[in-house]
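What follows is a set of notes on a single structure, which appears directly below.
For clarity, every value in this text was computed on a predicted model and none was experimentally measured. All ligand and atom numbering here is 1-based and tracks the order in the structure. Quick note: numbers below take in every heavy atom, side chains included, and nothing from hydrogens, waters or symmetry partners.
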Amino acid sequence: MSLNIPIVENILSANDRLADENRVRIDAKGVFSINLMASPGAGKTSIIEQTLARIADKLRVAVVDGDIATSFDADRAAAAGAKASIQINTGGECHLDAVMLRGALEQLDLSQFDLLIVENVGNLVCPAEFRLGTHKSVLIASVPEGDDKPYKYPGMYRSVEALIINKIDLLPYIPFKMDFFRRGVEALNPGILTFPSSCSTGEGLEAWVSWITDQVREQKGR
Ligand SMILES: Nc1nc2c(ncn2[C@@H]2O[C@H](COP(=O)(O)OP(=O)(O)OP(=O)(O)O)[C@@H](O)[C@H]2O)c(=O)[nH]1
Ligand SMILES: [Mg+2]
């Protein structure tokens with residue numbers, strides 16, 4: 001038991017070093033990058049599809065998709081207009097790590113892109129612990145998951161810079177208390193940028209797309 005803590009610390013610090021290298025590589029080409037995290041089925045790929053539908057004619061987008069198995073999500077991103085989409089199969093790991101992203105970056109000519117979206121494996125625990133080197137981490141919470149998730153998964157809610165609250169079209173049908181949810185978020189991550197949205201109706205997506213477009217522009221200007 002006493003040996004486990006140094007081993008975990010070593011794994012995480014080795015991952016951090018590789019994440020820093022990924023960041024240098026991404027920065028060198030002026031690409032803006034996000035790590036999209038959420039529980040399974042919260043709507044990560046749907047948000048990517050809806051984002052692409054609104055920006056793929058203006059921005060060159062690469063998508064890297066992490067899943068335990070299948071290439072379904074990378075196929076969806078390609079069909080939605082991603083200029084490149086790469087599927088990583090973790091073969092059982094519940095998160096992406098920096099070495100996996102490095103493998104994907106080696107397959108991309110980053111000078112050909114403005115935006116890199118990484119869809120992490122659906123999970124509210126492990127992905128928060130492994131930095132990838134992206135500029136911003138974004139969490140998608142979805143209404144059917146329940147309003148107690150910030151309280152139960154504080155590490156994830158603390159680790160991100162923006163929060164999409166997806167599936168708000170389902171609010172009339174599900175006992176989701178938005179005030180309770182937001183109080184939990186605020187206690188962990190005060191002032192976090194929040195985007196209530198629905199991939200079904202399109203509500204709220206304009207604000208999200210406008211934020212991400214601004215981030216791409218700022219990154220180019222650096
Ligand atoms: N009602 C409603 N359904 C949605 C919304 N967004 C996504 N869905 C549905 O939720 C289901 C899961 O969506 P995905 O985008 O595949 O979710 P994901 O987070 O990428 O799932 P994994 O990659 O498997 O973890 C699909 O049936 C979507 O059609 C939404 O805003 N409202
Ligand atoms: Mg997905």
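- Remark: ligand 1 atoms within the under-4.0 Å shell around heavy atoms of Ser200 are 1 (N), 2 (C), 3 (N), 30 (C), 31 (O), 32 (N).
- At least one heavy atom of Ala42 lies less than 4.0 angstrom from ligand 1.
- For ligand 1, the atoms sitting less than 4.0 Å from at least one non-hydrogen atom of Cys199 are 5 (C), 6 (N), 30 (C), 31 (O), numbered in the order shown with element in parentheses.
- Listed by atom number, the atoms of ligand 1 under 4.0 Å from Gly43 heavy atoms are 13 (O), 14 (P), 15 (O), 17 (O), 18 (P), 19 (O).
- Counting the atoms of ligand 1 from 1 in the order shown, those under 4.0 Å from a heavy atom of Asp73 are 23 (O).
- Within ligand 1, counting atoms from 1 as listed, the ones closer than 4.0 Å to a heavy atom of Leu170 are 1 (N).
- Residue Asp67: no N/O/S atom is found under 2.8 Å from the Mg ion (ligand 2).
- Among heteroatoms of the N, O or S kind in Asp73, OD2 lies nearest the Mg ion (ligand 2).
- Contact atoms of ligand 1 toward Asp169: 1 (N), 2 (C), 30 (C), 31 (O), 32 (N) (distance under 4.0 Å to a heavy atom of the residue).
- Applying side-chain hydrogen bond (donor to acceptor under 3.5 Å, both in side chains) to Ser39 and the options Lys149, Glu145, Lys44 leaves one that passes, Glu145.
- Protein non-hydrogen atoms do not reach within 4.0 Å of atom 27 (O) of ligand 1.
- Look at Asp214 and Arg217 and you find a salt bridge, because one of the NZ, NE, NH1 or NH2 atoms lies within 4.0 Å of a carboxylate O, short of that distance.
- If you look at Glu119 next to ligand 1, the close heavy atoms, those under 4.0 Å, all belong to the side chain.
- Judged by distance alone, the side chain of Thr90 and the main-chain N or O of Ile88 form no donor-acceptor pair under 3.5 Å.
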